[in-house]
Amino acid sequence: MPNLNQIKKELKLTTTNIDSILKRLDSLLDINKQNTFNIFAGFRFRHKQWKLDKLSGTSSHKSLKRESNQILQGLLNFIDLLDEKDLKPGFNLMEEIPEKILVVCKTEARLKYLNNLLPEEYFVNVEYAAPGSQHEAEGIEIIIFDNDPYDDDGGQHQLIKYYLEKTDPVLLYFGKTLKFLHDYPEKAYFSNSIFSIHARINEMIGFLKYQKAAKAKLIE
């Protein structure tokens, strides 16, 4: 059986992003446990309506903030009440990667290649940027940047510099080494082969978990 306490702690450390909590819960909960899943579906509906209201501009900032806080508090209470029987049968926490990952590639072919390297059965919280484009990174914890083809912009490397300088997540660089990445020792990590990429991902996840635990201890 999964370590339910660990699941709950990880979910509560994601409290700045309701979308991430809902997506993670969706991957965990057994749809056949109707009472529990119906409550979860209610939160998902409320948050969808909240986003529609925000987009339409029909609700005040104060009203939107109040509803967001109520949804979040309700989710935290819901998480506290979860039981092991509410999870999918045979679920094994250690087999899944819950961290939110953004994969950035330069071409459609490389996007498909990385998609095959990161099976969704294990990487349950992965987004893929449109090939060659800048993508928002709010709520993202790790960016995997695939630098193939190696030098397709005259050596400017504008796309990777955008993610290094304009976004917050740590970045796993996949490809032939770029010397200037050593200027970002606390932001960029390296992998140059399919044999090491998963090891580097797990090392980064380990670092992020220690970092989250340290922050949580400071808050207590």
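Since the model is a prediction, treat every value here as computed from it, not as a measurement. All residue numbers refer to positions in the sequence shown, counting from 1.
Atom CG of Asn35 has 12 or fewer neighbouring heavy atoms from other residues, nucleotides or ligands inside a 6.0 Å radius. Dense packing is recorded around NE2 of His182, with more than 12 heavy atoms of other residues, nucleotides or ligands lying under 6.0 Å away. Within 6.0 Å of atom NZ in Lys48, 12 or fewer heavy atoms from other residues, nucleotides or ligands are found, so the atom counts as exposed in its surroundings. Counting non-hydrogen atoms of other residues, nucleotides and ligands closer than 6.0 Å to CG of Asp168 gives a total of 12 or fewer. Taking a 6.0 Å sphere around CD1 of Ile31, one finds it holds 12 or fewer heavy atoms contributed by other residues, nucleotides or ligands. At most 12 non-hydrogen atoms from other residues, nucleotides or ligands lie less than 6.0 angstrom from NZ of Lys54.
Ile101 and Met204 fall within a single hydrophobic cluster, where Ile, Leu, Val, Met, Phe, Trp and Tyr side chains are chained together by heavy-atom contacts under 4.5 Å. Linking ILVMFWY residues whenever their side-chain heavy atoms come closer than 4.5 Å, directly or via other members, leaves Ile142 and Val104 in distinct clusters. In the hydrophobic cluster analysis, where Ile, Leu, Val, Met, Phe, Trp and Tyr join through side-chain heavy atoms closer than 4.5 angstrom, Phe190 is grouped apart from Leu208. Hydrophobic clustering (side-chain heavy atoms under 4.5 Å, transitive across Ile, Leu, Val, Met, Phe, Trp, Tyr) groups Leu28 together with Leu75.
Between Lys161 and Lys166 there is no side-chain heavy-atom pair separated by less than 4.5 Å. Within the 4.5 Å cutoff, the side chain of Ile160 has no heavy atoms near those of the Asn147 side chain. Lys209 places a side-chain heavy atom less than 4.5 Å from the side chain of Glu99. Looking only at side-chain heavy atoms (C-beta outward), Glu203 and Tyr189 come within less than 4.5 Å of each other. Inter-residue side-chain proximity for Asp146 and Cys105 is flagged as met; some heavy-atom pair is nearer than 4.5 Å. Residues Leu118 and Val103 are in side-chain contact: their nearest non-hydrogen atoms beyond the backbone lie under 4.5 Å apart. Within the 4.5 Å cutoff, the side chain of Ile97 has heavy atoms near those of the Asn202 side chain. Side-chain contact between Tyr184 and Glu165 is present, with heavy atoms from C-beta onward closer than 4.5 Å.
In terms of modelled atom types and a separation under 3.5 Å, the side chain of Tyr128 and the main chain of Pro131 share no donor-acceptor contact. The backbone N or O of Asp80 lies less than 3.5 Å from a partner atom in the side chain of Lys8, making a donor-acceptor pair. In this structure, the side chain of Ser56 engages the main chain of Leu52 through a donor-acceptor pair within 3.5 Å.
Across all their heavy atoms, Ser27 and Lys88 have their closest contact at O-NZ, 3.1 Å. Residues Pro119 and Asn116 come closest through the heavy atom pair CD-O, 4.1 Å. Listed here is the closest heavy atom pair of Ala137 and Ile143: CB-CD1, 4.4 Å.
With rounding to the nearest 0.5 angstrom, the CG atom of Leu29 is 10.0 Å from the CG atom of Leu22.
Judged by distance alone, the side chains of Gln134 and Tyr163 never bring a donor and an acceptor atom under 3.5 Å apart. Gln49 and Asp53 are linked by a side-chain donor-acceptor pair at a separation below 3.5 angstrom, with hydrogens and angles left out of the test.
In summary, Arg44 and Asp26 engage in a salt bridge, as defined by a charged side-chain N under 4.0 Å from a carboxylate O.
Seen from the ring of Tyr150, Lys106 does not count as a face-on cation partner, given the 6.0 Å and 45° thresholds.
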Between Thr107 and Asp148, is a side-chain contact (heavy atoms from CB on, under 4.5 Å) present by the stated rule, with each step listed?
-> CA-CA 8 Å; Thr107 67; Asp148 186 317; 5.9 Å; no

Would you check, one step at a time, whether the test side-chain contact (heavy atoms from CB on, under 4.5 Å) holds for Thr36 with Asn38?
-> CA-CA 5 Å; Thr36 300; Asn38 286 344; over 6 Å; no

In sequence, state the C-alpha distance, the side-chain angles, and the governing distance for Asn125 and Lys23, and then conclude on side-chain contact (heavy atoms from CB on, under 4.5 Å).
-> CA-CA 8 Å; Asn125 231 347; Lys23 188 171 182 180; 3.1 Å; yes

Go through Ile144 and Ile201 one step at a time and tell me if the side-chain contact (heavy atoms from CB on, under 4.5 Å) criterion holds.
-> CA-CA 9 Å; Ile144 299 176; Ile201 290 171; 3.7 Å; yes

Residue pair Glu67, Arg46: steps toward the salt bridge (Lys or Arg N to Asp or Glu O under 4.0 Å) verdict | CA-CA 9 Å; Glu67 174 66 1; Arg46 282 180 65 185; 3.1 Å; yes

Lys33 and Asp86: CA distance, side-chain angles, deciding distance, salt bridge (Lys or Arg N to Asp or Glu O under 4.0 Å) verdict | CA-CA 6 Å; Lys33 304 296 181 182; Asp86 296 318; over 6 Å; no

For salt bridge (Lys or Arg N to Asp or Glu O under 4.0 Å), just list the numbers for Lys51 and Asp19, CA-CA rounded to whole Å, side-chain angles, deciding distance to a tenth of an Å, and then say yes or no.
-> CA-CA 10 Å; Lys51 289 195 287 187; Asp19 278 311; 3.1 Å; yes

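For an aromatic pair to be called close, the ring centres must be under 6.0 Å apart, and Phe43 with Phe40 fails this.
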